[in-house]
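Here's the structure we're looking at; comments come further down.
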Amino acid sequence: MNMPKIPLGAWVDSLVDWITIVFAGLFTFITNVIEGLLNILVDVMSVGPSIVLIIVLTLLVTYTSRWPLGVFTFLSLLLIDNLGYWEASIQTLAIVILSGALTIVIGIPIGIWCAQSKTVRKIVTPILDFMQTMPAFVYLIPAILFFGIGVVPGIIASFIFAIAPTIRMTNLGIQEVPNDLIEASDAFGSTSSQKLFKVQIPLATPTIMAGVNQSIMLALSMVVTASLVGAPGLGAEVYRAVSQINVGQGFEAGLSIVIIAIILDRITQNLRKPAYENIVSRKIIFTILAILVVGTALFGTFTKEKAVNGDKNSIAAKANYEIIGIEPGAGLMKLTKKAINDDYKLDDWKLVEGSSAAMVAELKKAIDKKEPIVITGWSPHWMFAKYGLKYLEDPKNSFGKDENINTIARKGLEKDAPGAYKILDQFFWETKDMEDVMVKVAEGMSPSEAAEKWIKENQDKVSEWTKGAESGNGEKIKLVYVAWDTEIASTNVIGKVLEQNGYDVTLSQVEVGPMFAGVANGSADAMVAAWLPGTHLEYYNKYKDKMVDLGPNLKGTKLGLVVPDYVDIDSIEDLK
């Protein structure tokens, strides 16, 4: 069909931009509240040595789920502490508890409303269907724009993803209350509120608690996804392990998540009827627990020293002493950590892990408001063409000299597909060429369309790449790349060139570690995305004997810390 494309994406973008501007104050308020509550939870659980919280959780699990599970809790939490994931576990617990609390506070009233009104139920049900089927990653996109990078968008996305079971099960539980009991309460002259709180909710509690349990488990399943926008905790550890192909670290962090999931699941399942309620009343236990939590929170609030990091009106303070980074496995992040901790001694500054997409979203948000921001940057990148940006001078050479982007192929590709191998070997272009493709993609064109358009406009360069190369006969070629704008551009262009020369090309987006590992073990044929000799040096050295380095396809890349032009500093040393 030749119908013009409905600009649905553009409409959604416009709506999000409008919401971001109009409700900026509300989003700031929500961000401050959630961050404040999260900090309180983390402070409460961090009081004293780790053994204190381990004993408290062990006693709570024992009370609700009997002593064998209490023993399991004690030993497994000691294991988490021994493996070095205790602080990350506390962060994860705090995120899940806060997300779960939001689902209870908001989800149960909506579920009750649905049970009492058919009109509300008809409206809410399709919304819940949409929320449960929409990929969780999609929630992160507007969440970044509304709430910035960090833990808050992760909590909001987790809450949206996890609230549906609480609403559905609350609605179901109340609707399943037998009609004869409802009629009996009406016959005794009960008011609507009496009928709800003394008949319907008590009878529906098992079903409601099942929904709450499922919501908490869904919130826990989001911790890895939330790490893509800078949420701390075990999810970030798993994400880091995946990007670095660190099997041991991934298993340890994953095991820690499983342990926490088991503990939370058993507590929420048995909270209504604890195993040892016949010995100690629920009210006594929960009253003691509440006093401990509130008392610890108040004590921490009044005794906590607030650090004053210089002038509150300084650029550093306005940037919240944060450098917005990208994927934790990127070499650029390691260089930045070294610059912060070792070379420039920026003790007050924190490097925020996330993703390149989240970094660009945070940059756009700051530029729209003319606020100071410091990011990890590299060029070529379309953001330099779209925004006024500058690199901070690096007098201590923390980020090294200019780099190249190399093409790397698997061993045996030259024999299996000599034409494709030669095209890849001869692939070389300039920074301007790559930026032309990236700008087209940033303006809304698909990477495939942008690549085709560039190829049509630059046949002279393409003919140099294909000169003397045999045409393919449908041989399959798999190219891997990371989700950086530079690599999206280059991989799509070379992929289209290979297709036009008779090859069946598949493009696979992966993390940095899997990209190198895939070419090394032969599950991928090539990549045009190896930043050397600095950014990807660790991965290159690990796998170089199992790959073929075809040399640079682009020279003169640059890495460093980047700020908008309107930020009145010129050097990394100025961040002090």
Side-chain angles (χ1 to χ4, degrees), residues 41 44-45 47-48 51-78 80 89-90 93-94 96-105 107-109 111-112 115 162 165-166 168-178 181 184-185 190 193-220 258-297:
L41 280 173
V44 167
M45 289 189 288
V47 169
I51 192 65
V52 174
L53 182 59
I54 291 175
I55 291 173
V56 170
L57 289 176
T58 298
L59 292 174
L60 182 58
V61 171
T62 301
Y63 176 72
T64 58
S65 309
R66 296 195 177 276
W67 69 265
L69 197 62
V71 173
F72 166 82
T73 300
F74 183 74
L75 295 177
S76 49
L77 291 178
L78 284 178
I80 291 175
S89 297
I90 286 177
L93 272 170
V96 173
I97 289 171
L98 188 52
S99 300
L102 288 174
T103 62
I104 293 171
V105 171
I108 291 179
I112 293 171
T166 297
R168 289 186 188 277
M169 297 300 279
T170 301
N171 171 39
L172 178 64
I174 291 177
Q175 284 189 324
E176 287 185 340
V177 173
L181 294 178
S185 65
S190 300
S193 59
Q194 288 175 329
K195 182 167 59 179
L196 176 65
F197 290 106
K198 294 184 179 296
V199 179
Q200 292 174 308
I201 289 181
L203 292 174
T205 297
T207 307
I208 294 173
M209 289 303 298
V212 170
N213 173 268
Q214 290 304 303
S215 290
I216 290 175
M217 293 299 102
L218 286 174
L220 185 58
V258 170
I259 291 170
I260 289 176
I262 293 172
I263 292 171
L264 291 176
D265 178 64
R266 297 303 184 271
I267 290 175
T268 52
Q269 275 191 8
N270 301 313
L271 201 59
R272 183 170 169 265
K273 290 185 177 180
Y276 296 112
E277 188 178 15
N278 59 326
I279 300 175
V280 184
S281 169
R282 270 187 307 166
K283 291 183 178 180
I284 295 175
I285 295 295
F286 295 149
T287 300
I288 293 173
L289 192 61
I291 292 172
L292 286 174
V293 171
V294 174
T296 305

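Predicted, not measured: the structure shown is a model, and the values here were computed from it. When reading the values below, keep in mind they use all heavy atoms of this one structure, side chains included, and skip hydrogens, waters and symmetry mates.
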* Passes side chain to side chain contact (heavy atoms under 4.5 Å, CB included), Ile262 versus Phe72? Steps please. -> CA-CA 10 Å; Ile262 293 172; Phe72 166 82; 3.8 Å; yes

Gap separating the [atom1] atom of [X] from the [atom2] atom of [Y], nearest 0.5 angstrom:
X: Leu271; Y: Leu60; atom1: CG; atom2: CG; result: 7.5 Å
X: Thr207; Y: Arg168; atom1: OG1; atom2: CZ; result: 15.0 Å
X: Ser89; Y: Leu77; atom1: OG; atom2: CG; result: 8.0 Å
X: Tyr63; Y: Leu69; atom1: OH; atom2: CG; result: 15.5 Å
X: Met209; Y: Ile216; atom1: CE; atom2: CD1; result: 7.0 Å
X: Ser190; Y: Phe197; atom1: OG; atom2: CZ; result: 13.5 Å

Which heavy atom in [X] sits nearest to a heavy atom in [Y], and how many Å separate them?
X: Val199; Y: Ser185; answer: CG2-CB, 4.1 Å
X: Ala219; Y: Ser99; answer: CB-CB, 4.0 Å
X: Met217; Y: Ala261; answer: CE-O, 3.7 Å
X: Met169; Y: Gly211; answer: CG-CA, 3.5 Å
X: Thr166; Y: Thr103; answer: CG2-O, 3.7 Å

* Asked: With Gln269, which residues qualify under side chain to side chain donor-acceptor pair (under 3.5 Å), at least two apart?
  ->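 Here the qualifying residues are Asp265.
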
* **Those residues that, when tested against Thr268, pass side chain to side chain donor-acceptor pair (under 3.5 Å) (two or more places apart)** =>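 Counting only residues at least two positions away or on another chain, Thr268 forms a side chain to side chain donor-acceptor pair (under 3.5 Å) with Asn213.
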
Would a 4.5 Å heavy-atom cut-off, applied to side chains only, mark [X] and [Y] as touching?
X: Ile51; Y: Leu78; value: yes
X: Ile112; Y: Ile201; value: yes
X: Pro165; Y: Leu218; value: yes

* Hey, mind stepping through Thr64 and Arg266 against side chain to side chain contact (heavy atoms under 4.5 Å, CB included) and telling me if it holds? -> CA-CA 8 Å; Thr64 58; Arg266 297 303 184 271; 5.8 Å; no

* To do: Could you walk me through whether Tyr276 and Thr62 pass the side chain to side chain contact (heavy atoms under 4.5 Å, CB included) test, one step at a time?
  => CA-CA 8 Å; Tyr276 296 112; Thr62 301; 4.1 Å; yes

* Candidate pair Leu203 and Ile174, rule side chain to side chain contact (heavy atoms under 4.5 Å, CB included), full reasoning -> CA-CA 8 Å; Leu203 292 174; Ile174 291 177; over 6 Å; no

* Is it true that a side-chain atom of Arg282 and a backbone atom of Arg272 form a donor plus acceptor pair closer than 3.5 Å? ->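 Yes; at least one donor-acceptor contact below 3.5 Å.
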
* Asked: Taking Ser215 for the side chain and Ala162 for the main chain, is one N or O donor matched with an acceptor at less than 3.5 Å?
  ->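 Confirmed, Ser215 side chain pairs with Ala162 backbone.
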
* **Among Leu59, Val52, Thr58, side chain to side chain contact (heavy atoms under 4.5 Å, CB included) partner for Ile55** =>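 Answer to the side chain to side chain contact (heavy atoms under 4.5 Å, CB included) test with Ile55 among Leu59, Val52, Thr58: Leu59.
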
